[in-house]
There are 2 protein chains.
Amino acid sequence: MNLEPTKRQHAVLRMIESHRSAGEPPPTFREIGQNLGIASVSAVAKHVQALRRKGLLNLSDGRSRSLDVISPLRALQNPVVHIALFGSIPAGYPQHREQEADACVSVDIETLGFKPTRNTFALRVSGDSMIGRHIVHGDVVVLEHGPEPRPGDIVAALVDGESTLKTFVRKNGRPFLKAENPKYPDLMPAEELMIQGVFKALIRKAKE
Amino acid sequence: MNLEPTKRQHAVLRMIESHRSAGEPPPTFREIGQNLGIASVSAVAKHVQALRRKGLLNLSDGRSRSLDVISPLRALQNPVVHIALFGSIPAGYPQHREQEADACVSVDIETLGFKPTRNTFALRVSGDSMIGRHIVHGDVVVLEHGPEPRPGDIVAALVDGESTLKTFVRKNGRPFLKAENPKYPDLMPAEELMIQGVFKALIRKAKE
DNA sequence: GTTATAGGTGAACAGATGTTCACCTATGAA
DNA sequence: TTCATAGGTGAACATCTGTTCACCTATAAC
């Protein structure tokens with residue numbers, strides 16, 4: 001038996017996949033038919049049957065909207081979380097500010113390395129002040145508000161009304177923030193600055 | 001009217017959210033009841049009603065399994081894609097090798113910067129040979145097989161049976177690969193090497 | 001021709017699912 | 001006390017949804 005889907009069957013697969021990817025509930029047979037211009041439910045049912053035989057589609061019976069594309073990756077997938085991305089955080093802390101978010105970053109928790117809370121947020125990096133820690137202009141950094149930074153941690157702090165990345169260090173027992181770029185050698189006393197979050201992860205896209 | 005959910009209502013919200021995050025279809029009223037130890041469907045319906053009144057939950061009527069947690073982020077969310085992550089690619093190209101994937105990286109396409117194809121894959125970076133381009137040990141890089149690399153592009157190539165990151169350059173009209181680390185100054189002729197993919201994105205988690 | 005397969009229409013049916021109603025308990029405010 | 005609200009049980013009901021059957025067309029294989 002041929003295990004490759006036909007064109008029409010492939011269209012059904014793609015429709016189900018796109019629903020999943022968009023975060024919508026899986027379509028019903030009738031919704032699939034409507035989308036593909038098929039008037040009869042049983043025609044859709046036949047496509048589904050064929051795809052199940054070919055091992056490409058799952059359908060738990062007795063449950064509505066349970067169509068699920070089978071892929072080797074599916075078994076490896078982890079829960080995906082959605083994090084608010086800000087250009088900058090004008091003042092204070094990022095909690096309960098989701099409504100002011102510029103965009104949304106969605107990543108699975110395994111790749112992210114931790115399970116985010118309400119205190120997790122993301123910033124777009126501007127400038128190369130953290131080049132020494134291999135964080136460059138345009139990167140998106142994920143931060144967590146709350147935990148006490150340890151020496152060496154990268155933190156976001158409010159400097160001159162802007163969220164800025166610095167390294168948290170201690171000198172003579174007192175906390176300071178420093179940029180990781182020889183062009184900005186100054187140390188700033190950390191007590192006077194509001195630390196908005198501690199660096200947890202980074203995402204970068206290639207230029208263009 | 002108080003717009004905050006009660007404990008019990010919050011439990012309902014969390015259950016719906018966890019289904020979504022895990023990539024499962026939204027639960028039915030009866031499934032919610034089962035999960036929370038509620039025997040009566042109408043009790044669940046009351047919680048859903050209350051959450052809708054408070055603007056925390058959406059329910060398109062006439063459709064089953066259409067519960068959807070309302071969040072300011074929801075409107076900003078982009079489609080999420082799932083990419084196979086390999087430790088290394090022993091030989092050849094990464095297409096149709098999903099069944100050999102070590103893990104799965106899930107990210108939204110906006111953060112990723114492009115819409116992946118069947119030729120998209122991810123590698124875990126080993127060593128600091130690309131430190132000059134600010135890619136460090138442990139990073140996950142997303143690559144695309146297929147497109148012709150342009151000078152300056154970062155590529156994965158098969159060197160001594162291992163997938164390795166290099167910069168693609170031209171010298172006297174001929175293509176070479178070079179590491180971005182003063183410790184490895186050698187240029188390798190690119191013709192002899194199999195280029196597995198071109199760098200498209202990067203994800204890094206903080207140490208520990 | 002015959003046969004098999006993909007694709008489709010239309011209808012009837014059983015079970016899943018959301019809605020609604022009557023009724024109960026507990027808690028706190030007026 | 002009385003009243004409102006949160007939480008719950010149980011059942012009846014309408015509609016959504018998957019299943020199944022009879023029947024049709026087109027295409028390729030034999």
Side-chain angles (χ1 to χ4, degrees), chain A residues 1-20 22-70 74, chain B residues 1-20 22-70 74:
Chain A
M1 181 187 54
N2 187 7
L3 289 175
E4 286 302 305
T6 65
K7 267 190 185 175
R8 211 70 176 127
Q9 289 164 6
H10 199 262
V12 173
L13 272 188
R14 259 188 293 113
M15 158 136 195
I16 298 170
E17 181 56 38
S18 82
H19 269 243
R20 232 185 88 75
E24 290 162 29
T28 65
F29 286 26
R30 282 165 182 87
E31 283 168 355
I32 293 173
Q34 216 167 332
N35 189 276
L36 272 52
I38 300 174
S40 177
V41 208
S42 58
V44 178
K46 257 187 226 174
H47 288 140
V48 170
Q49 275 305 325
L51 288 165
R52 289 176 72 178
R53 237 181 342 181
K54 295 179 181 180
L56 301 168
L57 199 55
N58 229 320
L59 172 60
S60 5
D61 50 34
R63 304 199 326 150
S64 69
R65 296 181 185 275
S66 62
L67 288 171
D68 192 9
V69 178
I70 293 177
R74 189 74 181 76
Chain B
M1 180 187 54
N2 188 6
L3 288 176
E4 287 301 304
T6 66
K7 268 190 184 175
R8 210 72 176 124
Q9 289 165 7
H10 199 264
V12 173
L13 272 189
R14 259 188 293 112
M15 155 133 199
I16 298 170
E17 181 56 37
S18 82
H19 268 245
R20 232 184 89 75
E24 290 161 26
T28 65
F29 286 26
R30 284 166 181 85
E31 283 168 356
I32 293 174
Q34 215 167 333
N35 189 277
L36 299 176
I38 300 173
S40 176
V41 207
S42 59
V44 177
K46 258 187 223 171
H47 289 140
V48 170
Q49 275 306 323
L51 287 165
R52 290 176 71 180
R53 240 188 342 210
K54 295 178 181 182
L56 300 168
L57 198 56
N58 229 319
L59 171 61
S60 5
D61 49 35
R63 304 197 333 156
S64 69
R65 294 181 185 274
S66 63
L67 288 171
D68 191 8
V69 177
I70 293 178
R74 189 75 180 76

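Per chain, numbering begins at 1; letters A, B, ... match sequence-line order.
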For [N], does either OP1 or OP2 sit under 4.0 Å from a side-chain N or O belonging to [X]?
X: B/Arg63; N: D/dT15; answer: no
X: B/Ser64; N: D/dT17; answer: yes
X: A/Arg65; N: D/dT17; answer: yes
X: B/His47; N: D/dA6; answer: no

- More than 12 foreign heavy atoms under 6.0 Å from CD of B/Gln34: is that the case here?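 Count not over threshold, so no.
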What integer distance in Å separates [X]:[atom1] from [N]:[atom2]?
X: A/Asp61; N: D/dT19; atom1: CG; atom2: C1'; result: 10 Å
X: B/Asn58; N: C/dG18; atom1: CG; atom2: C1'; result: 15 Å
X: A/Gln34; N: D/dT17; atom1: CD; atom2: P; result: 11 Å
X: A/Lys46; N: D/dT19; atom1: NZ; atom2: P; result: 15 Å
X: A/Phe29; N: C/dG8; atom1: CZ; atom2: P; result: 15 Å
X: B/Arg53; N: D/dT5; atom1: CZ; atom2: P; result: 9 Å
X: A/Gln9; N: C/dT5; atom1: CD; atom2: C1'; result: 10 Å
X: A/Leu36; N: C/dT9; atom1: CG; atom2: C1'; result: 16 Å

In terms of side-chain heavy atoms of [X], which of [options] is nearest?
X: B/Arg30; options: D/dT19, D/dT9, C/dT19; result: C/dT19
X: A/Ser42; options: D/dG10, C/dG7, D/dT20; result: D/dT20
X: A/Arg52; options: D/dT19, C/dG8, D/dG10; result: D/dT19
X: B/Ile38; options: D/dG8, C/dG7, D/dT19; result: D/dG8

- 4.5 Å side-chain heavy-atom contact, B/Pro26 and B/His19: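 No, too far: nothing below the 4.5 Å cut-off.
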- Would you mind reporting whether A/Ile38 and A/Ile32 have side-chain heavy atoms less than 4.5 Å apart?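 When only atoms from C-beta onward are counted, A/Ile38 and A/Ile32 do not touch, as no gap falls below 4.5 Å.
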- Item | Side chain B/Ser40 and base D/dG10 donor-acceptor under 3.5 Å |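 Per atom types, the contact qualifies.
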- Query: Less than 3.5 Å between a donor and an acceptor, one on the side chain of A/Thr28 and one on the base of D/dG18, is that the case here?
  - Reply: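 By the distance-only test, no, there is no pair.
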- Measure across B/Val69 and B/Arg74 and return the closest heavy-atom pair with its distance rounded to 0.1 Å.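 Shortest heavy-atom contact: O-CD, 4.2 Å.
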- Task: Check B/Leu59 against B/Phe29 and note the closest heavy-atom contact, atom names and distance.
- Result: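 Between these two residues, the closest heavy atoms are CD2-CZ, 4.0 Å.
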- So what does A/Ala39 hit on the nucleic acid, given a heavy-atom distance under 4.0 Å: a base, only sugar-phosphate, or nothing?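 If one applies the 4.0 Å heavy-atom cut-off, A/Ala39 turns out to touch the sugar-phosphate alone, with no base involved.
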- Query: On DNA chain D, nearest-nucleotide positions of A/Pro27 versus B/Gly37: which is more 5'?
  - Reply: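 Taking each residue's closest nucleotide, the earlier one in sequence belongs to B/Gly37.
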